[in-house]
Amino acid sequence: MTLGGNAPGGSGNILHSRLLYFDPARDRVGLPEDVAALVETITPKGLRLRLVNLNQVEPRAVVVQAGAYGEHRFGRVGEVAVDGNAFEAQLAPGSGGVVEIELGMWKNAPRYRQP
């Protein structure tokens, strides 16, 4: 529900997902501490993502990548044209919201590295 994809299971399958998250403060894969994400809707042309900073005192940043391996490409993210495979969202303390994301599937060669 967070990645917009199916769980790979325990049999060694690779991850197929619409999104992957990175924590720039800790330089690691995954959501930052106190950040929640939910893919609310998936359509053939994109998805609706809800991001929330549960921390009432500290702001948070999260990098959102298009696909588990950067293989997809963002078009518009809300009102902003991204035209790339990653963007960074800044979340004020205790804030959150929903963003409509255009997503072109399989537009980039897959790679396994942080954006």
| said: Contact between Arg18 and Met105 at the side-chain level, heavy atoms closer than 4.5 Å - yes or no? | reply: yes
| task | Kindly compute the distance separating CG (Asn85) from NZ (Lys107), expressed to the nearest 0.5 Å. | result | 13.5 Å
| query | Going from CG on Asn108 to CD on Gln65, what distance comes out if it is rounded to the nearest 0.5 angstrom? | reply | 9.5 Å
| query | If Ile, Leu, Val, Met, Phe, Trp and Tyr residues are connected whenever their side-chain heavy atoms lie under 4.5 Å apart, and connections chain through other members, are Ile14 and Val29 in the same group? | reply | yes
| note | Apart from Val52 itself, members of its ILVMFWY cluster (side-chain separation under 4.5 Å) are Leu54
| task | Can you tell me which residue pairs pass the ring pair (Phe, Tyr, Trp, His ring centres under 6.0 Å) test with a partner in residues 70-111, sequence neighbours excluded? | result | His72-Trp106, Phe74-Phe87
| remark: Closest non-hydrogen contact found for Leu19 with Thr2 is CD1-O, 4.5 Å
List the atom pairs, donor and acceptor, that lie under 3.5 Å between side-chain atoms in residues 55-64 and the rest of the protein, sequence neighbours left out.
{"unit_1": "Asn55", "atom_1": "OD1", "unit_2": "Val57", "atom_2": "N", "d": "2.7"}
{"unit_1": "Asn55", "atom_1": "OD1", "unit_2": "Glu58", "atom_2": "N", "d": "2.7"}
{"unit_1": "Asn55", "atom_1": "ND2", "unit_2": "Asp34", "atom_2": "OD2", "d": "3.0"}
{"unit_1": "Arg60", "atom_1": "NE", "unit_2": "Glu33", "atom_2": "O", "d": "2.9"}
{"unit_1": "Arg60", "atom_1": "NH2", "unit_2": "Asp34", "atom_2": "OD2", "d": "3.1"}

| Distance from Leu31 atom CG to Asp23 atom CG, nearest 0.5 Å? | 8.5 Å
| Is there a path from Phe22 to Tyr112 through hydrophobic residues (I, L, V, M, F, W, Y) whose side chains come within less than 4.5 Å of each other? | yes
| task | Please list all pairs passing the side chain to side chain donor-acceptor pair (under 3.5 Å) test where one or both residues lie in residues 74-83, with sequence neighbours left out. | result | Arg73-Asp83
| About how many Å separate OG1 of Thr41 and CG of Leu47, when rounded to the nearest 0.5 Å? | 8.5 Å
| Sequence neighbours excluded, which residues qualify as salt bridge (charged side-chain N to carboxylate O under 4.0 Å, His left out) partners of Arg111? | none
| Is there a side-chain contact between Glu40 and Val98 (heavy atoms, below 4.5 Å)? | yes
| said: What I'd like to find out is whether the side chain of Tyr69 reaches to under 4.5 Å of the side chain of Leu15, using heavy atoms alone. | reply: yes
| query | So which pairs with a foot in residues 89-103 pass side chain to side chain donor-acceptor pair (under 3.5 Å), sequence neighbours left out? | reply | Arg48-Glu100, Glu88-Gln90
| remark: CG (Leu103) and CD1 (Ile42) are apart, to the nearest 0.5 Å, by 9.5 Å
| message | Keeping Tyr21 on the side-chain end and Ala37 on the backbone end, is there a donor-acceptor pair under 3.5 Å? | response | no
